[in-house]
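Heads up, the thing below is written out as structure tokens.
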Amino acid sequence: MTRLKLGVLISGRGSNLQALIDAAADPAYPAEIVLVISNRPEAPGLERAARAGIAHRVIADSSRQGSSPQDFAASADAALRQSGVALVALAGYMRILDSSFVAAWRDRLVNIHPSLLPSFPGLHAQRQALAAGVRFSGCTVHFVRDAVDTGPIIGQAVVPVLGDDDEASLSGRILAAEHRLYPLAVRLFAEGRLRISGNTVVIDGAETPEGVMLNPPEALVSRAG
Ligand code: GRF
């Protein structure tokens, strides 16, 4: 089996990178990570790549580093192409990508975001969800378009928001879901099962689970009287 060559862009912790590394450790998984790029030299995710024996490099993207998003776009693009990358996954890459990069990798660039988009795009999605008082939140994997956290949605995972949640507990619950969703979405791409139609994604052979999940649960009613 030829495996899809995946490039991963990170800025920090890299737990989603780790989930992808773990998935790809199975030879039957249809993608392999060939390059990890971080814009921050101190990103712990780089260690994860090193430990897994995956090529990794730092490419600066800010004026503080004597660089710019345009420089990053050009260097990252060249490095990814050189490695034969067919799909780029943003995994906690915390800068807005230059539009030249988004255009060059259109429909081959995916992102994971810790909310049920289009709700709560941007920073602190979990804090936004708590402030809005929603009963469910989750995460979204989507193709990347120019506007932040927009683009055709590949998949979502839902988690309940609990009464005593704070940002840390909700983030942890969502993160566990992210680690399941991202490898699944990349697998579907690698298997050629995603077709973009306008702003939606059609998944070949997907069996969507039916059913309703209530929060609060209906069982609560019996306790009322
Ligand atoms: C995740 O919550 C992801 O959804 C968001 O940034 C965070 C990255 O975490 N885009 P990690 O670096 O993968 O641990």
Side-chain angles (χ1 to χ4, degrees), residues 6-25 31 33 35-52 54 56-59 61-62 69 72 76 87-98 101-102 105 109-132 134 136-161 165-187 189:
L6 179 68
V8 183
L9 267 54
I10 62 167
S11 295
R13 181 176 56 185
S15 71
N16 278 289
L17 166 66
Q18 188 66 53
L20 292 166
I21 291 173
D22 293 347
I33 304 172
L35 181 62
V36 172
I37 297 175
S38 171
N39 60 330
R40 292 176 56 233
E42 66 276 24
L46 287 169
E47 264 303 303
R48 299 180 190 268
R51 246 182 282 134
I54 297 168
H56 52 284
R57 53 181 290 188
V58 177
I59 300 179
D61 65 358
S62 71
F72 178 88
L87 175 69
V88 178
L90 305 180
Y93 176 72
M94 294 306 285
R95 298 267 292 178
I96 294 173
L97 283 165
D98 190 65
F101 189 91
V102 175
W105 289 89
L109 175 61
V110 293
N111 179 44
I112 188 156
H113 181 76
S115 76
L116 296 174
L117 290 172
S119 290
F120 317 131
L123 292 176
H124 308 302
Q126 302 92 334
R127 198 185 300 170
Q128 294 183 55
L130 287 171
V134 294
F136 291 101
S137 191
C139 54
T140 303
V141 176
H142 62 98
F143 287 103
V144 173
R145 296 292 182 257
D146 254 330
V148 173
D149 299 326
T150 65
I153 290 172
I154 299 168
Q156 295 185 307
V158 177
V159 305
V161 179
D165 265 338
D166 57 17
E167 202 176 339
S169 62
L170 179 59
S171 298
R173 194 173 310 117
I174 292 174
L175 196 63
E178 293 184 42
H179 297 161
R180 292 170 60 185
L181 184 66
Y182 219 176
L184 171 64
V186 169
R187 167 192 284 281
F189 183 96

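We count ligands from 1, going down the list as the structure has it; atoms in each ligand are counted the same way.
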Is any side-chain heavy atom of R40 closer than 4.5 Å to one of L46? no
For ligand 1, what N or O to protein N or O distances fall under 3.5 Å?
residue, atom, partner, partner atom, Å
ligand 1, 2 (O), E178, OE1, 3.3
ligand 1, 2 (O), E178, OE2, 3.0
ligand 1, 4 (O), I112, O, 3.4
ligand 1, 4 (O), E178, OE1, 2.7
ligand 1, 4 (O), E178, OE2, 3.3
ligand 1, 9 (O), R13, NH2, 3.0
ligand 1, 10 (N), I112, O, 3.0
ligand 1, 12 (O), G14, N, 2.8
ligand 1, 13 (O), S15, N, 3.3
ligand 1, 13 (O), N16, N, 2.8
ligand 1, 13 (O), N16, ND2, 3.0
ligand 1, 14 (O), R13, NE, 2.5
ligand 1, 14 (O), R13, NH2, 3.2
ligand 1, 14 (O), S15, N, 2.8
ligand 1, 14 (O), S15, OG, 2.5

Side chains of S38 and H56: is there a donor and an acceptor less than 3.5 Å apart? no
Could you tell me whether the side chain of S115 reaches within less than 4.5 Å of the side chain of L117, counting heavy atoms only? yes
Working to the nearest 0.5 Å, report the span between CZ of R57 and CD1 of I37. 6.5 Å
Can you list everything that forms a ring-ring contact (aromatic ring centres under 6.0 Å, His included) with F72? Sequence neighbours excluded, please. Y93
Any side-chain heavy-atom pair of V144 and V88 under 4.5 Å: no
